[in-house]
Amino acid sequence: MAKKLEDNKENAYLSYQLATIKLDCELPYKPEELVNRSADNEKLVELFTELNFKRWLAEAQSGSAGVDAVAERASSGASAPAAEKAEVTFEAASIDRSQYETILTEEAFRAWMDKLDKTDVVAFDTETDSLDYMEANLVGISFAVAEGEAAYLPLAHDYLDAPKQLDRDWVLAEMKPWLENAGALKVGQNLKYDASVLARYDIAMKGIAYDTMLESYVFNSVAGKHDMDSLAMRYLQHKCISFEEIAGKGKKQLTFNQIEMDQASPYAAEDADVTLRLHNVLMAHLKADEKLKVIFEQYEMPLVPVLSRMERHGVLISAEMLAQQSQEIAVRLDELEKEAFELAGEEFNLASPKQLQAILFEKMGLPVVKKTPSGTPSTNEEVLQELALDYPLPKRILEYRGLAKLKSTYTDKLPKMVKPATGRVHTSYHQAVTATGRLSSTDPNLQNIPIRNDEGRRIRQAFIAPADKTILAVDYSQIELRIMAHLSGDEALIDAFRHGKDIHSATAAEVMGIDISDVTSEMRRRAKAINFGLIYGMSAFGLAKQLGIPRGEAQQYMERYFERYPGVRQYMESTRLQASEQGYVETIFGRRLQLPEIKSSNAMRRKGAERAAINAPMQGTAADIIKRAMILVDAWIQTQPEGRVA
DNA sequence: GTGGCGTCC
DNA sequence: CAGAGGGACGCCACT
């Protein structure tokens with residue numbers, strides 16, 4: 001079904017291919033129709049065209065150095081003066097919790113609603129009885145309208161002798177207009193969670209203007225964690241009341257509804273107060289920096305409601321298909337275990353690297369191919385693959401491991417994660433975890449569902465569409481290599497993309513000095529390893545290991561590559577230099593990755609930072625582009641009639 | 001909680 | 001000389 005879209009003549013290397021969809025939305029028409037670009041889906045197709053890409057680039061240029069100028073600076077190596085920026089310091093906040101209020105009467109509530117109406121940006125936080133956004137019940141709400149001026153509005157504390165509180169449904173009905181008012185700006189810490197909780201009460205939160213977690217992430221993604229307690233320590237030198245202090249820990253930990261008011265109120269009000277103070281500090285820094293401001297305002301904040309909708313919508317899986325697969329895998333694991341015990345001459349735990357080491361290397365005397373960082377003989381896949389050439393047991397272990405992994409991580413686990421309320425699986429997307437700007441996913445991680453071999457791919461088949469709907473998958477083709485072409489300005493690489501060539505074959509032809517029609521599959525495989533290796537800053541040693549060829553040969557490949565694509569080498573060198581001078585690198589759109597170890601006296605750490613420096617602009621720019629696409633696709637979906645999409 | 005391993009992009 | 005591939009998350013064994 002893959003169909004390449006028409007190239008724009010000028011910048012065709014930035015075009016994309018419509019390949020497969022994985023939008024997590026079900027469309028009421030078939031993928032073929034989308035590819036055919038019927039009037040109905042014209043808009044969705046457009047969202048992915050280079051026209052948009054060019055518009056984004058234009059936006060990235062406005063108010064800051066143009067893309068061409070950036071590329072120019074990178075290739076000339078004459079970058080901006082080295083980081084003159086004095087080390088940014090943050091003043092300690094003095095926080096007095098005694099001024100916080102607890103709202104228990106209608107009169108107090110009205111007074112605070114007035115305050116909210118008169119405040120430009122209100123700090124807002126919900127307290128609930130669960131961290132699971134699909135199950136969390138609202139226990140209370142806190143606000144701050146100025147530093148130190150905060151209140152807690154308890155709604156559902158139900159411990160013995162809890163004070164009488166305002167009725168939750170009444171309060172939510174009263175607050176709904178403010179919560180859904182896009183003009184009433186809110187700041188919060190991880191507002192996606194609050195928005196998801198409120199959605200359970202049929203409130204579509206609007207005015208999600210600032211999120212301190214994301215402010216911190218955009219300001220410096222690698223400074224540390226981005227939870228509120230960490231931020232308060234880092235940017236306010238303030239130690240917040242911790243949840244454990246008031247709720248205890250372990251099995252006996254209380255939920256928020258069970259916590260007494262004199263404990264709950266200062267804790268909750270402090271959260272809102274600290275959020276507002278963090279916002280004042282962090283947003284001042286972002287506003288003073290046009291590039292970071294754009295990333296924050298145009299990419300991260302608009303993504304919040306999108307992710308919330310994706311999470312709450314969930315994905316449908318066939319528990320039956322997965323149960324069937326588990327069953328089949330169990331049978332095969334049993335066979336493999338019996339065979340392994342036979343070969344080893346004793347029973348052992350095939351899943352234990354330690355026991356396996358003892359069997360393979362001590363009892364059976366197989367050669368030690370490689371050691372783990374802690375000095376024990378490695379039994380990883382690479383090692384077992386090599387040993388499997390000469391011995392029968394490692395082959396069994398390999399198959400066992402692969403299947404055991406599929407079973408425990410996917411076929412057994414996924415069905416257990418289906419929420420009865422929706423009959424679907426609801427992941428959590430994390431927006432402030434990775435160094436480079438990518439998203440991550442947990443509980444379950446939907447970003448590592450197998451695809452590379454047939455057994456694994458069966459698991460994807462269990463992700464299904466409801467009756468009469470179709471899952472569409474869209475994927476950018478070779479996005480990181482296209483970005484490398486753009487960033488490096490390398491004529492040959494750009495040319496290859498412009499002409500719609502198979503990029504790995506084109507690389508093979510260039511490096512081997514032959515016609516592209518004479519490239520064999522082995523040559524293409526090697527070129528592919530070179531291309532990906534470059535993105536990751538791999539050395540000749542690494543390439544040799546990857547391909548199982550002598551180091552000298554790998555060295556030759558890389559030299560030939562850089563001869564053919566000199567712009568790429570220049571780009572890599574100037575990126576290293578830029579990283580070293582500035583202490584950070586940037587994506588095309590201005591996202592920044594700080595590299596504190598780029599000047600490390602430890603060569604290994606320094607080299608690691610250099611590889612990260614080379615990779616981050618490519619990986620990060622791809623993340624920027626994909627986030628932008630998610631925002632645009634969601635905006636389109638929102639315009640569709642109820643139930644037509646998703 | 002950590003180390004080893006394996007899945008994804 | 002040693003180490004030499006970017007970014008994630010989850011499972012298991014073991015301490």
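By convention in this document, chain letters (A, B, ...) are assigned in the order of the sequence lines, proteins followed by strands, and residues within each chain are numbered from 1.
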Rounding to an integer number of Å, can you tell me how far [X] [atom1] sits from [N] [atom2]?
| X | N | atom1 | atom2 | answer |
| --- | --- | --- | --- | --- |
| A:N445 | C:dC11 | CG | P | 10 Å |
| A:R452 | B:dC9 | CZ | P | 6 Å |
| A:L406 | B:dT7 | CG | P | 7 Å |
| A:N615 | C:dG7 | CG | C1' | 7 Å |
| A:K413 | C:dG10 | NZ | C1' | 7 Å |
| A:Q478 | B:dC9 | CD | P | 12 Å |
| A:I626 | B:dC8 | CD1 | P | 17 Å |
| A:L403 | C:dC11 | CG | P | 17 Å |

Could you please name the option among [options] that lies closest to any side-chain atom of [X]?
| X | options | value |
| --- | --- | --- |
| A:P450 | C:dG6, C:dC11, B:dC8 | B:dC8 |
| A:T434 | B:dC9, C:dG7, C:dA4 | C:dG7 |
| A:R460 | B:dT7, B:dC9, C:dC9 | B:dC9 |
| A:A612 | C:dG7, C:dC14, B:dG6 | C:dG7 |
| A:R611 | C:dG6, C:dC14, C:dG7 | C:dG6 |
| A:Q355 | C:dC14, C:dC9, B:dG6 | C:dC14 |
| A:E381 | B:dT7, B:dC5, C:dA4 | B:dT7 |
| A:S408 | C:dC14, C:dG7, C:dC11 | C:dC11 |

Touch class at under 4.0 angstrom, heavy-atom based, for [X] against every strand present:
| X | result |
| --- | --- |
| A:E480 | nothing |
| A:R605 | nothing |
| A:I451 | sugar-phosphate |
| A:I449 | sugar-phosphate |

Below the 4.0 Å mark, does [N] have OP1 or OP2 next to a side-chain nitrogen or oxygen of [X]?
| X | N | answer |
| --- | --- | --- |
| A:R438 | C:dG7 | no |
| A:S440 | C:dC9 | yes |
| A:K405 | B:dC5 | no |
| A:K354 | C:dC12 | no |
| A:Q447 | C:dG7 | no |
| A:T379 | B:dC5 | yes |
| A:T409 | C:dC9 | no |

> Roughly how far, to the nearest 0.5 Å, is the CD atom of A:E311 from the OG atom of A:S441?
Replying inline: 8.5 Å
>> Given the ring of A:Y299, does A:R628 sit roughly above its face, with NZ or CZ under 6.0 Å from the centre of the six-membered ring and within 45° of the axis?
In response: yes
> Should the ring pair A:F532 and A:H504 be called parallel, tilted or perpendicular, given that the plane angle runs from 0 to 90° and is split at 30 and 60?
Replying inline: tilted
> Tell me, do A:Y584 and A:L595 make a side-chain contact under 4.5 Å, heavy atoms counted?
Replying inline: no
>> So which atom in A:L493 and which in A:Y561 form the shortest heavy-atom distance, rounded to 0.1 Å?
In response: CD2-OH, 4.2 Å
> At their closest point, which heavy atom of A:A485 faces which heavy atom of A:F497, and how far apart are they?
Replying inline: CB-CD1, 4.0 Å
>> Evaluate A:E553 against A:R526 for salt bridge (charged side-chain N to carboxylate O under 4.0 Å, His left out), listing each step before the verdict.
In response: CA-CA 11 Å; A:E553 204 173 324; A:R526 292 184 177 196; 3.1 Å; yes
>> Looking at the base of C:dG7, is there any donor atom on it, or on the side chain of A:Q619, that sits under 3.5 Å from an acceptor on the other one?
In response: no
> Run the side-chain hydrogen bond (donor to acceptor under 3.5 Å, both in side chains) check on A:E245 and A:S242 step by step: do they pass?
Replying inline: CA-CA 5 Å; A:E245 279 171 54; A:S242 74; 3.3 Å; yes
>> Is there a salt bridge (charged side-chain N to carboxylate O under 4.0 Å, His left out) between A:R569 and A:E563? Walk through the geometry before answering.
In response: CA-CA 9 Å; A:R569 174 168 13 212; A:E563 277 171 29; over 6 Å; no
>> Which residues in residues 556-569 of chain A have a heavy atom closer than 4.0 Å to any atom of DNA chain B?
In response: none
>> Salt bridge or not between A:K419 and A:E135? Use side-chain N to carboxylate O under 4.0 Å.
In response: yes
>> If the threshold is 4.0 Å, N to carboxylate O, is there a salt bridge linking A:K405 and A:E455?
In response: no
>> Using a strict heavy-atom distance below 4.0 Å, which residues from residues 343-353 of chain A are in contact with DNA chain C?
In response: A:N349, A:A351, A:S352
> Say you pick atom C1' in B:dG6 and the same atom in C:dA2; how far apart are they, in whole Å?
Replying inline: 26 Å
> For the rings on A:Y217 and A:H430, is their centre-to-centre separation under 6.0 Å?
Replying inline: no
